[in-house]
Amino acid sequence: MVRIGCILALTPPVVAAGMGWLAGPSFLHPLRRELSPSLIKDAASSFSEIGTHPEEFDVRTADSVLLRGWKVRAVRPNGNWVVLFHGVADNRAGVVGQAQLLLKAGYSVVMMDARAHGASDGVMATYGWLERNDSKALVDVLEATEHPQHLFALGESMGAGIALQSAAVEPRIEAVVAESSFANLREASYDYAGLQRYPFLGMTLLAPGAWTMLYHGELAAGFPAGEVSPEKAVASRQFPVLLICDAQDTVLPCRHTKRIYAAAVGPKQMWVVPGAFHAAALGCEPAEFRRRVLEFFATYGEH
């Protein structure tokens, strides 16, 4: 009975460790959602409805990766720009709804495909480690060509984490709206180890899977996974944040947003959206999302 008990106790962690090791490189290479002609057509139609259109906008990063995206100018611009960051395995078309909201209010927007996503180059996603420097390159080009009066960022899921980490190293990003961000890669790995339903198991019995996944990813990518942390980012610079978490989110539950909120040293707001699933605040509560986001940017656009 003792032998059987030991086998039953040890088998799940050992299996989890093996599965985590196999999964290590895969999280660096998410599925690439193609920016298809139909997506481009649908986006152009959405912008046409409000009297504007996207312009091609390419940025070369410090490590020579070519990022592709769009600039979209508001019909009645207020002089302020917002950089939009999409989620993992998505592309710029995933934030068209947020872009429309902002454009109607006078904010011009930049929508880029993150490295290793959409039409952009890049062999791997690093969830903010390299992407934060990509944001610096983007801001350099935008400052030289558009001279924004104020510059803000808005992101969802992976994009929220990138936006927060970008603002920590790029002071020209003055304020950030972040929905469904991860607190740090290790914390997010527990949710994935627990199959996004049982994070407690991911932190306990199945934790070896989370550890080996991150360790193998570190070896493959050559970056410290422990430093990929929006939680640390908001503690390193006093920039205003509006943090949004969705009450029914099982992908990145609200504990991530609460940790970021607790760590933030600048002006901070948090909105928990009842009934919303992952990165679904705009679809679930469109009027309230619009009110909160526009009031937040208006507050810091007046300074």
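Every heavy atom of this structure was used, including side-chain atoms; hydrogens, water molecules and symmetry mates were not. Counting begins at 1 with the first residue of the sequence.
For the pair Pro230 and Gly161, the tightest heavy-atom approach, listed with the atom from each and the gap, is CG-CA, 3.6 Å. When all heavy atoms of Asp246 and Ala280 are compared, the pair lying nearest together is OD2-N, 3.4 Å. Looking at every heavy atom in both residues, Leu142 comes nearest to Pro148 through O-CD, 3.8 Å. Here the closest non-hydrogen pair linking Ala168 and Ser236 is CB-OG, 3.5 Å. Annotation for Ala105 and Asn78: closest pair O-ND2, 3.8 Å, computed over non-hydrogen atoms. The two residues His86 and Met112 have their closest heavy-atom pair at CD2-O, 3.3 Å.
Between Leu242 and Phe297 the shortest side-chain heavy-atom distance does not fall below 4.5 Å. Residues Val83 and Leu138 have side chains in contact (heavy-atom distance under 4.5 Å, counting atoms from C-beta outward). Side chains of Val176 and Phe239 form a contact here, defined as non-hydrogen atoms less than 4.5 Å apart. Contact annotation: the side chain of Leu102 approaches that of Leu84 to within less than 4.5 Å [non-hydrogen atoms, C-beta and beyond]. Side-chain contact between Trp70 and Ile40: present, with at least one pair of heavy atoms (C-beta onward) separated by less than 4.5 Å. With contacts defined as side-chain heavy-atom distances shorter than 4.5 Å, the pair Val273/Phe289 does not qualify. For the pair Tyr107 and Trp81, the minimum side-chain heavy-atom distance is 4.5 Å or more. Within the 4.5 Å cutoff, the side chain of Glu131 has heavy atoms near those of the Thr126 side chain.
Tracing side-chain contacts under 4.5 Å through hydrophobic residues (I, L, V, M, F, W, Y), one reaches Tyr300 starting from Val293; they form part of the same cluster. Hydrophobic clustering places Leu282 together with Ile50 (ILVMFWY residues linked when any side-chain heavy atoms are closer than 4.5 Å, directly or through intermediates).
Listed by chain and residue number, Val234, Val241, Lys268 satisfy the side chain to side chain contact (heavy atoms under 4.5 Å, CB included) test with Ala264 (two or more places apart in sequence, or in another chain).
The salt bridge (charged side-chain N to carboxylate O under 4.0 Å, His left out) pairs that include a residue from residues 76-86 number zero, where partners must be two or more places apart or lie in different chains. Within the structure, every pair that satisfies the salt bridge (charged side-chain N to carboxylate O under 4.0 Å, His left out) test and touches residues 143-153, not counting sequence neighbours, is listed here: Lys71-Glu146, Arg73-Glu146.
Between the side chain of Asn80 and the backbone N or O of His150, at least one donor-acceptor pair lies under 3.5 Å. Using modelled atom types, no side-chain atom of Asp134 and backbone atom of Thr61 make a donor-acceptor pair closer than 3.5 Å. Here the side chain of His117 pairs a donor or acceptor atom with the backbone of Ala89 at under 3.5 angstrom. Looking only at distances, no side-chain donor or acceptor of Ser45 sits under 3.5 Å from a matching main-chain atom of Lys41. The backbone N or O of Val75 lies less than 3.5 Å from no partner atom in the side chain of Thr52, so there is not a single donor-acceptor pair. Checking side-chain atoms of Glu170 against main-chain N and O of Arg172 turns up a donor-acceptor pair under 3.5 Å. A donor-acceptor contact shorter than 3.5 Å links the side chain of Gln100 to the backbone of Ser46. The backbone N or O of Ile162 sits nowhere less than 3.5 Å from a side-chain atom of Arg132 that would complete a donor-acceptor pair. Within the 3.5 Å criterion, the main-chain N or O of Arg92 finds a donor-acceptor partner in the side chain of Asp113. When atom types are taken as modelled, the side chain of Ser120 and the backbone of Ala116 share no donor-acceptor pair closer than 3.5 angstrom.
The pair Glu227-Lys232 meets the salt-bridge criterion, since a charged nitrogen lies less than 4.0 angstrom from a carboxylate oxygen. Look at Asp63 and Arg115 and you find a salt bridge, because one of the NZ, NE, NH1 or NH2 atoms lies within 4.0 Å of a carboxylate O, short of that distance. Asp121 and Arg68 are not joined by a salt bridge, as no carboxylate oxygen comes within less than 4.0 angstrom of a charged side-chain nitrogen.
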> When you look at Val228 and Gln165, which way does the side-chain contact (heavy atoms from CB on, under 4.5 Å) test go after all the steps?
Replying inline: CA-CA 8 Å; Val228 180; Gln165 292 172 88; 3.7 Å; yes
> How far apart are the C-alpha atoms of Trp271 and Glu288, what are their side-chain angles, what is the distance that settles it, and do they pass the side-chain contact (heavy atoms from CB on, under 4.5 Å) test?
Replying inline: CA-CA 10 Å; Trp271 175 34; Glu288 186 65 7; 3.4 Å; yes
>> Apply side-chain contact (heavy atoms from CB on, under 4.5 Å) to residues Leu101 and Leu294 and explain how you reach the verdict.
In response: CA-CA 9 Å; Leu101 180 157; Leu294 295 183; 3.8 Å; yes
> Can you check salt bridge (Lys or Arg N to Asp or Glu O under 4.0 Å) on Glu187 and Arg259, steps first, answer last?
Replying inline: CA-CA 10 Å; Glu187 195 69 19; Arg259 287 181 60 144; 3.0 Å; yes
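Using the six-membered ring where Trp is involved, Tyr127 and Phe182 have ring planes that are perpendicular, over 60° apart on the 30 and 60° scheme.
Between the side chains of His53 and Ser48, not a single donor N or O lies within less than 3.5 Å of an accepting N or O.
A distance of 8.0 Å separates OG in Ser157 from CG in Asp249, rounded to the nearest 0.5 Å. Between the CD1 atom of Ile260 and the SG atom of Cys245 there is a distance of 10.0 Å, given to the nearest 0.5 Å. Phe85 CZ to Met111 CE: the interatomic distance, rounded to the nearest 0.5 Å, is 12.5 Å.
More than 12 heavy-atom neighbours from other residues, nucleotides or ligands sit within 6.0 angstrom of CZ on Arg33. For Gln238, the CD atom counts as loosely surrounded, since its 6.0 Å shell holds 12 or fewer non-hydrogen atoms of other residues, nucleotides or ligands.
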